[in-house]
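Since the structure comes first, as structure tokens, the remarks are kept for the end.
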Amino acid sequence: MDWFLIRKNEHLGPFTEKVLKQMYSEGELQAESLIWREGLSASQSYQDVFLDKSSLKKMNTTISSDDLPPDLPPLPIEDEEVEVEQATVEQATVEQLKDEGNEEAVFHIDEIDEPGLYEEIEEEEDEIRQEAKLKTPATPKYRKKLRYLLFAVLLILGSVFAFLYYQQKTQIFTRPKLMSLRDFERLKKTALSDPSQMRFAFAMGKAKKSFWVATNSPLMGEVAISLKSIKGKMLGEPVEIKAYGNLANKLITINKFEFISGTKFVDGVYAAQITTVGKLKSPLYARIFDPSNKKIHFAKHVLISNLAKKDFQKLLARYLKKKQSNSRLFWEELIQKYQTVKMITGEIKSGIMAIFDKDPLKWAQNVLAFENEYKTRYGIFFTEFVKTNEASYAKLMKKDFENNQEVLANYNHLSNLATDIGERSMAILEALQAYDPDKNTPAQRKALKQESASKLDEIIKGCDEKIQELSNS
């Protein structure tokens with residue numbers, strides 16, 4: 001449907017709706033410009049028709065075919081007679097519209113008949129339009145400013161979150177004085193890793209008297225640590241440690257610990273456990289990015305060494321080989337010691353049994369002769385054997401070799417065994433000295449012989465079992 005543009009005393013057009021919208025977008029037509037088309041009872045502003053859709057809808061639904069005005073008058077011409085005739089027609093239209101109560105239409109038509117009236121009408125229309133603007137929704141320019149403001153707020157919030165995330169990634173510990181630079185770089189890499197999966201890295205002090213644990217967790221507070229060496233994966237004697245430390249800036253600094261076994265840290269693989277002692281704290285950025293995790297529970301086998309992993313494995317292989325060689329020497333020495341104890345015990349038994357086979361009339365003399373032989377030979381041997389064995393035990397305590405605990409246990413058993421042989425021999429001698437062939441019966445003599453032999457046979461049997469056990473190990 002075609003539209004007409006009413007501009008002062010001119011009626012421009014007709015124009016299509018598309019052309020009008022193009023004129024508006026190019027600035028040739030304002031929102032307050034008046035337009036009219038067939039079917040409208042009065043001219044409307046461009047804003048009322050095209051920018052305020054609800055007004056247009058209401059207008060279209062209230063107009064009926066009976067209310068339509070006559071066709072738009074032709075464009076004004078210079079012919080005076082035509083102007084008079086047109087004015088007469090328009091005056092009739094004014095009267096008709098006044099009867100219908102359409103004052104707005106009267107304003108626009110009266111301006112043709114009364115010179116100077118246009119300025120007054122324009123002022124009234126400006127007031128009407130100002131009131132209409134107060135009632136209409138925000139203009140596109142206002143909404144555009146609102147979008148800019150929202151974008152600025154989002155940009156600021158994004159910058160804050162980016163800063164917090166950067167702080168989380170970069171805020172870590174400084175290198176402790178006793179920590180090597182290589183260990184510091186390794187621990188720093190763990191501290192800067194993705195915190196979505198909790199990680200830990202261990203480092204030992206240069207003097208092997210302290211250690212540290214780095215983590216990518218931003219939590220802060222006291223934690224408990226336990227370390228227990230893994231058999232066959234240590235460069236020294238077994239170690240077990242209980243410790244407590246403070247977690248801050250992604251580093252656990254050990255401030256107190258005790259050795260359950262061992263006396264110092266050694267390079268090797270440990271079964272490590274880290275647990276939370278109390279309630280851990282977390283910085284603001286950690287509460288934003290990870291508000292749930294407030295505890296630590298770590299359990300894993302870890303290598304703690306001043307050496308690189310490759311160098312540690314090479315050294316461990318050589319160490320275990322040497323350990324195994326030393327261990328075989330210790331086992332062979334133990335077998336020889338048990339064989340010696342067995343032999344001496346057998347000689348003591350033979351000497352005691354010979355007393356029962358000799359002349360009963362010389363019983364006291366034979367017992368005295370064996371007692372002197374025992375003291376000068378066997379007694380001295382066992383005394384020296386115990387001293388030597390205990391000295392060897394003390395030296396072995398300072399050495400590190402495979403199965404050292406079992407070797408030390410056998411050395412201790414040999415010392416106890418030598419002492420037991422001496423005590424049993426003295427008990428047998430006392431029983432022999434108390435025996436009187438003239439007063440005791442043959443049955444009592446036989447029982448004494450069996451009891452003496454039985455006490456020493458227990459020692460000999462025990463040595464045989466140990467020799468067999470050590471030979472098969």
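Just so you know, residue 1 is the first one in the sequence shown, and it goes up from there.
Aromatic rings of F202 and W212 (six-membered ring for Trp) have centroids beyond the 6.0 Å cut-off, not under it. In this structure, Y24 has its ring center no closer than 6.0 Å to that of F50.
Of the possible donor and acceptor atoms, none in the side chain of R199 sits under 3.5 Å from a partner among the backbone N and O of S193. Judged purely by atom type and a 3.5 angstrom limit, T345 has no side-chain atom pairing as donor or acceptor with the backbone of I459. A distance-only check finds no donor-acceptor pair linking the side chain of S454 to the backbone of E451 [under 3.5 Å]. A distance-only check finds a donor-acceptor pair linking the side chain of N440 to the backbone of D436 [under 3.5 Å]. Not one N or O on the side chain of S229 forms a donor-acceptor pair closer than 3.5 Å with the backbone of P238. Using modelled atom types, no side-chain atom of W363 and backbone atom of Q433 make a donor-acceptor pair closer than 3.5 Å. In this structure, the side chain of E384 does not engage the main chain of F381 through any donor-acceptor pair within 3.5 Å. Using modelled atom types, one side-chain atom of S350 and one backbone atom of G346 make a donor-acceptor pair closer than 3.5 Å. Not one N or O on the side chain of S452 forms a donor-acceptor pair closer than 3.5 Å with the backbone of I428. When atom types are taken as modelled, the side chain of R182 and the backbone of R186 share no donor-acceptor pair closer than 3.5 angstrom.
Residues T276 and H297 fail the side-chain proximity criterion, which asks for heavy atoms closer than 4.5 Å. I241 places none of its side-chain heavy atoms less than 4.5 Å from the side chain of S226. Side-chain contact between L429 and F370: present, with at least one pair of heavy atoms (C-beta onward) separated by less than 4.5 Å. Side-chain contact check for L432 versus I352: some heavy-atom pair is nearer than 4.5 Å. Using a 4.5 Å heavy-atom cutoff, the side chains of M220 and L280 are not in contact. Considering only heavy atoms from C-beta on, T215 comes within 4.5 Å of L247 through its side chain. L227 places none of its side-chain heavy atoms less than 4.5 Å from the side chain of V239. Side chains of F356 and R445 form a contact here, defined as non-hydrogen atoms less than 4.5 Å apart.
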Check the pair I421 / I344 against side-chain contact (heavy atoms from CB on, under 4.5 Å), numbers first and verdict last.
CA-CA 10 Å; I421 292 172; I344 297 299; 5.9 Å; no
For the pair L414 and V341, evaluate side-chain contact (heavy atoms from CB on, under 4.5 Å) and give the outcome as yes or no after the intermediate values.
CA-CA 8 Å; L414 280 168; V341 170; 4.2 Å; yes
Please step through side-chain contact (heavy atoms from CB on, under 4.5 Å) for the pair L29 and L20, ending with a clear verdict.
CA-CA 8 Å; L29 182 63; L20 284 180; 4.1 Å; yes
Using side-chain contact (heavy atoms from CB on, under 4.5 Å), reason through I304 and V302 one step at a time and then give a plain yes or no.
CA-CA 6 Å; I304 304 179; V302 295; 4.1 Å; yes
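Annotation for E32 and S45: closest pair O-CB, 4.1 Å, computed over non-hydrogen atoms. Closest approach of A243 and I254 over heavy atoms only: CB-CG2, 3.9 Å. Shown here for S305 and F312, the closest heavy-atom pair between the two residues is OG-CD1, 4.1 Å. Residues G268 and L303 come closest through the heavy atom pair O-CD1, 3.5 Å. Of all the heavy atoms in G221 and N246, the pair that sits closest is O-OD1, 3.5 Å.
Q47 and Q30 are not linked by any side-chain donor-acceptor pair at a separation below 3.5 angstrom, with hydrogens and angles left out of the test. Side-chain contact of S415 with N389: a donor-acceptor pair under 3.5 Å is present, judged by distance alone. In this model, a donor atom of one side chain and an acceptor atom of the other lie less than 3.5 Å apart for Y378 and E347. Side chains of E26 and Q22: a donor on one and an acceptor on the other come within 3.5 Å. Of the N and O atoms on the side chains of T419 and N416, not one donor lies less than 3.5 Å from an acceptor on the other residue. Using a 3.5 Å distance cut-off with no hydrogens or angles, the side chains of Y338 and N410 do pair a donor with an acceptor.
Residues meeting the side-chain contact (heavy atoms from CB on, under 4.5 Å) test with F173, sequence neighbours left out: F184, L187, A191, A214, N249, L251. Shown here are the ring pair (Phe, Tyr, Trp, His ring centres under 6.0 Å) partners of F200, two or more places apart in sequence or in another chain: F298. For Y270, there are no ring pair (Phe, Tyr, Trp, His ring centres under 6.0 Å) partners two or more places apart in sequence or in a different chain.
Among pairs with a residue in residues 296-310, none fulfils salt bridge (charged side-chain N to carboxylate O under 4.0 Å, His left out), at least two apart in sequence or across chains. Applying the salt bridge (charged side-chain N to carboxylate O under 4.0 Å, His left out) test to residues at least two apart or on different chains, the pairs with a partner in residues 416-430 are D420-R424, R424-E458. Sequence neighbours left out, the pairs with a member in residues 354-363 that pass salt bridge (charged side-chain N to carboxylate O under 4.0 Å, His left out) are D357-K449.
Taking the six-membered ring where the residue is Trp, F385 and F382 present perpendicular rings, their angle passing 60° and hence far from 30°.
Other residues, nucleotides and ligands contribute only 12 or fewer heavy atoms inside 6.0 Å of the CD atom of Q197.
Contact check on K189 versus E185 returns no salt bridge, with no Lys/Arg side-chain nitrogen under 4.0 Å from an Asp/Glu carboxylate oxygen. Remark: D2 does not engage R37 in a salt bridge, criterion side-chain N to carboxylate O under 4.0 Å.
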